[in-house]
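Here is the structure we will look at.
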There are 2 protein chains.
Amino acid sequence: MTSGTNSSAPSRKPTRQQAAVAELLERSDDFTSAQTVHARLREAGAGVGLATVYRTLQSMVDAGTVDVLRTDDGEAVYRACSTHHHHHLVCRSCGRTVEVEGPAVEKWADKVASEHGYTGVTHTLEIFGSCADCTAADA
Amino acid sequence: MTSGTNSSAPSRKPTRQQAAVAELLERSDDFTSAQTVHARLREAGAGVGLATVYRTLQSMVDAGTVDVLRTDDGEAVYRACSTHHHHHLVCRSCGRTVEVEGPAVEKWADKVASEHGYTGVTHTLEIFGSCADCTAADA
DNA sequence: TCTCAAACTGAAAATGATTGTCAAAACCGT
DNA sequence: ACGGTTTTGACAATCATTTTCAGTTTGAGA
């Protein structure tokens, strides 16, 4: 129900395709959709099946090595991120992303939730804006 | 490009279908998907076309009378909310939703963003957990 | 009230991301 | 090399959402 690929095993050696997806993500700074990853890999010669891209991305999310969020139109986008808890400051135009932390926010969310009797609390927080370069370009 | 239905006009009298969708949302406490709204209206006798449900929901979002967010699987869900800026505390099991405010969080987000040179900042923040009732039921 | 154009509706078809299927291919330990 | 397990990938199936387009409704004016 969680992954289907591997669940609790110490993780095998990544296959060529898995490595390709992982490396592509490492190289790009912004969130990238599965479709785009697939297209880029194809262009780069190292073709990887679309289904495999989705599967790999999912297991990476499960493994916590990749963050995922949804664009306004519901498309899932992925990004290789640091493993500790953080949030994202994303440029609305170019996608440039900065990881940010806000310990105070975490505490606030937990407090508010427990005040209302909620347990097992998690939260999502993304900040959007126009980065300096894009703001300048718009002028 | 924004709505197609109405954009800057002082808004006409709502049609029977639009009223039906609006009333249904008013009556339900939790976030509801377009598909569900459509199904409920159909059951209730007052049938409204699926396309119309989507169109109506969208213009309500544009008008700011309804909040929208995405479930984990990317489905859009809607809820009639107060018009001032707020966030949601949503029960993961039953969907029970509480509107919460966090002025400090707003300021923090703006500050962090501007520190990184981002302008025109917006953000999304949702808190998920298991409400008291559901936590009890699980025991 | 009659008329016409603009706005609205809805059934059906189109779209597009994501997932499921399943036979072939890559791997692994023996 | 051999049998068993895992992964892959082309393709079909799903499913929410959008678009199309012809028929209906609405509103302002004659």
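Note that the structure is predicted; figures quoted are calculated from it, not measured. A note on names: the letters A, B, ... follow the listed sequences, proteins ahead of strands, and every chain is numbered from 1.
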Self-check item: Shortest non-hydrogen separation from Val100(B) to His88(B) and the atoms involved
Solution: CG2-N, 4.3 Å
Practice problem: Scan side-chain atoms only and decide if His123(B) and Glu106(B) contain a donor-acceptor pair under the 3.5 Å cut-off. | Solution: yes
Quiz item: According to a strict under-4.0 Å criterion, is Arg16(A) in side-chain N/O contact with OP1 or OP2 of dA25(C)?
Solution: no
Please report, to 0.1 Å, the donor-acceptor pairs under 3.5 Å made by any side chain of residues 32-50 of chain B, with sequence neighbours excluded.
residue  : atom : partner  : partner atom : Å
Thr32(B) : OG1  : Asp30(B) : O            : 3.1
Ser33(B) : OG   : Thr36(B) : N            : 3.1
Ser33(B) : OG   : Thr36(B) : OG1          : 2.8
Ser33(B) : OG   : Glu75(B) : OE2          : 3.4
Gln35(B) : NE2  : Tyr54(B) : OH           : 3.0
His38(B) : NE2  : Val48(B) : O            : 3.3

Exercise. Side chain of Gln17(B) only, please: which of dT18(C), dT17(D), dT9(C) is the nearest?
Key: dT9(C)
Quiz item: Using a cut-off of less than 4.0 Å, is there contact between a side-chain N or O of Gln58(A) and OP1 or OP2 of dT18(C)?
Solution: no
Quiz item: Is the phosphate of dT9(C), meaning OP1 or OP2, less than 4.0 Å from a side-chain N or O of Thr15(B)?
Solution: yes
Quiz item: Side chains of Val68(B) and Met60(B): does their closest heavy-atom pair fall under 4.5 Å?
Solution: no
Quiz item: Do the side chain of Arg55(A) and the base of dG9(D) come within less than 3.5 angstrom through a donor-acceptor pair of N or O atoms?
Solution: yes
Determine all donor-acceptor pairs shorter than 3.5 Å in which one atom belongs to a side chain in residues 107-114 of chain B; sequence neighbours excluded.
residue   : atom : partner   : partner atom : Å
Ser114(B) : OG   : Asp110(B) : O            : 3.1
Ser114(B) : OG   : Lys111(B) : O            : 3.0

Quiz item: Going by number, which of residues 27-52 of chain A have a non-hydrogen atom under 4.0 Å from DNA chain C?
Solution: Gln35(A), Leu50(A), Ala51(A)
Quiz item: Given dT18(C), is OP1 or OP2 found less than 4.0 Å from the side-chain N or O atoms of Tyr54(A)?
Solution: yes
Practice problem: Give the angle between the helix axes at the two ends of the helix from dT1(C)-dA30(D) to dT30(C)-dA1(D), taking five base pairs at each end and rounding to 10°. | Solution: 30°
Quiz prompt | Pairs meeting criterion salt bridge (charged side-chain N to carboxylate O under 4.0 Å, His left out) with involvement of residues 77-92 of chain B, two or more places apart | solution = Arg79(B)-Glu99(B)
Exercise. Starting from P on dT18(D), measure out to CD on Glu75(B) and report it in whole angstrom.
Key: 12 Å
Quiz item: To the nearest Å, how far apart are Leu57(A) CG and dT7(D) P?
Solution: 16 Å
Quiz item: Asp133(B): what forms a side chain to side chain donor-acceptor pair (under 3.5 Å) with it, not counting sequence neighbours?
Solution: Arg96(B)
Quiz item: Does one side chain, of Ser130(B) or Thr135(B), offer a donor that lies under 3.5 Å from an acceptor on the other?
Solution: yes
Quiz item: To the nearest angstrom, how far is Lys13(B) atom NZ from dA7(C) atom P?
Solution: 17 Å
Quiz item: Counting distance only, does the side-chain N/O of His84(B) pair as donor-acceptor with the main-chain N or O of Ser82(B) below 3.5 Å?
Solution: no
Quiz prompt | Rounded distance in Å - CG (Asp73(A)) to P (dG16(C)) | solution = 11 Å
